[in-house]
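Notes follow the structure.
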There are 2 protein chains.
Amino acid sequence: MARIDIAQRVYNHTWKLDPIVRSLLDTDFYKLLMLQMIWGLYPKVETTFQLINRTRGVRLAEEIDEGELRAQLDHVRTLKLTKKEKIWLAGNSFYGSRQIFAPEFLHWLEDFQLPDYELSRRDGQFELRFAGPWTHTTMWEIPALAIINELRSRAAMKAMGPFALDVLYARAKAKMWSKVDRLKALPELRISDFGTRRRHSFLWQRWCVEALKEGLGEALTGTSNVLLAMDTDLEALGTNAHELPMVLAALAPNDAALRAAPYQVLQDWNQYYGGNLQIVLPDAFGTRAFLADAPAWVADWTGFRPDSMPPIEAGELIMAFWQHHRHDPRDKLLIFSDGLDVETIEETYRHFEGRVRMSFGWGTNLTNDFQGCDPGGGHGLDPISLVCKVVEANGRPAVKLSDNPEKATGSPEEIARYLRVFGAAGRVAHAVKV
Amino acid sequence: MARIDIAQRVYNHTWKLDPIVRSLLDTDFYKLLMLQMIWGLYPKVETTFQLINRTRGVRLAEEIDEGELRAQLDHVRTLKLTKKEKIWLAGNSFYGSRQIFAPEFLHWLEDFQLPDYELSRRDGQFELRFAGPWTHTTMWEIPALAIINELRSRAAMKAMGPFALDVLYARAKAKMWSKVDRLKALPELRISDFGTRRRHSFLWQRWCVEALKEGLGEALTGTSNVLLAMDTDLEALGTNAHELPMVLAALAPNDAALRAAPYQVLQDWNQYYGGNLQIVLPDAFGTRAFLADAPAWVADWTGFRPDSMPPIEAGELIMAFWQHHRHDPRDKLLIFSDGLDVETIEETYRHFEGRVRMSFGWGTNLTNDFQGCDPGGGHGLDPISLVCKVVEANGRPAVKLSDNPEKATGSPEEIARYLRVFGAAGRVAHAVKV
């Protein structure tokens with residue numbers, strides 16, 4: 001008879017809380033880069049972040065137990081940076097630079113804890129808000145999303161037996177590895193994991209990242225997840241996000257200042273980061289508007305990260321911008337990161353091959369692709385389009401227009417005002433899957 | 001990084017029901033022996049069994065969740081004999097005899113399922129009753145007790161972390177093994193596991209039985225647990241229980257018939273079983289009364305199992321009975337089974353060594369001794385005195401007098417009547433620990 005570790009088994013069947021997020025570094029690297037800038041330049045700004053489930057058909061508050069959600073959120077609030085983590089942040093080099101984080105910032109970060117949250121339910125959805133200093137509320141985005149996505153996975157797997165689970169993961173692994181096989185065929189591929197927020201689970205993200213590391217070798221440039229970067233000796237990757245132009249735009253006192261806000265962001269960023277960290281995110285209020293109004297120095301930056309326009313269209317537009325400013329795109333970098341999967345990666349790679357440097361930030365379809373894997377044929381593990389966006393800054397509404405109206409956030413009145421200021425050029429609706 | 005079996009881990013942390021009793025054979029062997037006789041001779045008798053917690057200070061209904069209890073009881077009701085189990089019952093020899101179970105009985109047993117239960121709560125205790133044909137209600141005793149005892153263990157361990165649990169079981173194993181070491185010093189020892197009903201948990205009972213097997217070798221004569229006997233290739237042991245004289249006494253139409261009931265049981269038994277299965281359980285209505293009235297043929301039986309009088313006193317009394325009837329006790333067998341632990345086993349063994357054949361049926365202190373093992377110093381794992389007794393037969397009250405008034409069951413009026421019929425000779429109260 002097989003020997004059983006009774007203590008281990010008793011522990012396994014009396015699970016109390018199995019924390020989803022166990023470290024403040026289990027977040028995207030760009031959050032830390034942005035945080036240092038917010039801490040330095042906007043320490044008094046108050047913001048509110050809010051969960052937005054764009055997949056309305058999935059009634060999260062009916063799938064996920066509110067008590068379990070609170071227990072997970074409460075657990076994250078207890079976390080503080082560990083000594084090892086602080087030493088690693090201070091001693092590691094990021095994007096080839098040492099001491100990217102100022103000692104005073106790291107000292108401040110040592111005492112950092114996440115602020116309180118507001119949680120209620122309405123119409124089958126959770127209303128989850130984080131209000132307070134921007135320096136604190138910004139750090140809720142990734143853990144909040146990772147928690148809700150993993151609680152949803154757990155709920156979907158609750159009814160599965162051990163063999164169904166075994167088959168589920170076997171299929172997901174086989175599926176993942178066949179993607180790796182296809183990606184191997186792209187000789188100059190540069191790809192990284194951007195899937196923390198949408199992951200099926202922490203352990204699954206780790207498995208996927210380690211699978212990419214083994215399967216792709218040098219083609220895997222790193223992971224956006226700081227904890228995984230530390231634990232697997234990969235590069236921590238990421239630069240900046242929409243919340244920067246969104247907050248600066250919300251704070252703008254008039255339309256002229258609003259129009260200038262996207263470039264103000266870059267000037268602020270410039271005070272902190274150079275080189276490969278100078279990546280423009282152009283689509284907060286429309287990529288065409290951004291490029292049309294951009295000062296010439298914007299073309300000096302290392303690259304762009306188009307995030308809501310079809311990748312080939314966006315890449316061509318940005319390359320035309322560089323050429324217009326007499327830069328050779330082959331010296332420039334395009335980082336694609338919007339809803340990628342193997343097909344779009346292959347197509348985009350082949351389209352731009354040899355014409356521009358490229359990198360792919362692979363998210364949901366890397367860390368949460370269980371479609372067709374459930375032996376019961378269920379769809380509870382299909383990913384949903386869940387975001388946590390800044391909705392207010394110093395009491396003023398925040399807006400994102402995006403190149404894809406389906407990804408816009410903000411009140412209809414403010415969106416109308418922003419469209420008046422920035423124009424609607426090039427905005428085309430595409431279904432948002434993930 | 002250590003490789004984790006994600007499917008296994010997800011399964012472990014989404015425990016639904018972890019069934020305590022997973023087989024109808026996870027019961028005491030004597031239940032099957034008695035069942036065959038009840039099925040053959042008393043198929044129309046209706047009985048009610050009831051849970052009795054003699055450790056009133058432990059408020060079971062406050063320690064154990066009623067929903068979990070119902071889920072476990074409901075699960076046992078779904079169980080049926082498997083093909084493998086039936087084949088084993090039919091093909092194995094028990095007590096040296098082949099085909100101890102009649103094919104018609106086994107055929108009937110194939111469709112056997114446990115009947116419904118009645119569960120309510122009163123004054124911090126569960127009121128748990130099983131009413132219906134004796135052929136069915138009798139089979140509830142052992143699973144009901146095992147379930148409640150294990151649910152109580154689980155409740156006590158719920159708050160323990162993985163290291164506390166590891167230490168808890170390490171201590172319990174060390175404690176168990178030091179008992180094995182002491183028992184090894186008794187050269188002619190014959191001992192068996194009688195601990196199913198009071199076990200800490202199924203897995204722990206299995207560990208203890210396997211430890212005895214490795215540590216004591218041939219001195220371990222077997223286990224009362226049919227499933228463990230089958231799975232570990234040990235002898236299944238046990239003969240008969242108090243419910244036989246209790247039901248026959250309850251059915252007796254008058255005092256004369258009542259007085260004859262304990263011997264009627266033996267005559268009934270005789271129709272089914274011989275040899276080493278002819279073990280007299282003399283204490284249902286007092287051992288002295290039983291011996292005083294016993295016909296001479298009772299001394300022809302193989303042995304006695306004293307169960308509520310101090311073992312040395314009971315053994316001497318029974319040996320005197322044999323000598324009175326001109327039998328040499330060295331040809332006879334005494335089976336001790338009442339609240340044994342190493343001290344009482346050693347003392348009894350040394351007292352009777354060379355004068356009579358002896359065997360020890362070791363229960364609670366074999367399979368549920370965690371006293372002093374909880375690293376937190378708690379007492380939630382201390383065993384309690386829990387029984388499940390027949391309280392009614394064909395609507396008439398059932399009574400047990402026992403040699404120890406603390407173990408008596410039945411209404412005060414009926415107990416008084418039984419005392420009038422059988423006398424109170426030799427009844428001395430002893431605290432009932434387990």
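As the structure is a computational prediction, the values presented were derived from the model and not from experiment.
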_Quick one, Arg9(B) with Asn12(A), criterion side chain to side chain contact (heavy atoms under 4.5 Å, CB included). Give me CA distance, side-chain angles, the key distance, then yes/no._
CA-CA 9 Å; Arg9(B) 191 165 176 290; Asn12(A) 280 344; over 6 Å; no
_Leu165(A)/Gln8(B) under side chain to side chain contact (heavy atoms under 4.5 Å, CB included): CA gap, chis, key distance, verdict_ = CA-CA 8 Å; Leu165(A) 287 167; Gln8(B) 177 70 49; over 6 Å; no
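For chain B, the nearby parts of Asp166(A) are the backbone and the side chain; heavy atoms of each come within less than 4.5 Å. Both the backbone and the side chain of Leu203(A) come within less than 4.5 Å of a heavy atom of chain B.
Judged as a salt bridge (charged side-chain N to carboxylate O under 4.0 Å, His left out), and not counting sequence neighbours, Asp5(A) has no contacts.
Residues in residues 146-169 of chain B take part in these ring-ring contact (aromatic ring centres under 6.0 Å, His included) pairs, two or more places apart or across chains: Tyr169(B)-His200(B), Tyr169(B)-Trp204(B), Tyr169(B)-Phe370(B).
The CG atom of Leu168(A) sits 15.0 Å away from the OH atom of Tyr11(B) when rounded to the nearest 0.5 Å.
Crowding of Lys84(A) atom NZ: a count of heavy atoms from other residues, nucleotides or ligands under 6.0 Å not exceeding 12.
Taking 4.5 Å as the limit, every side-chain heavy atom of Val10(B) sits out of range of all side-chain heavy atoms of Met160(A).
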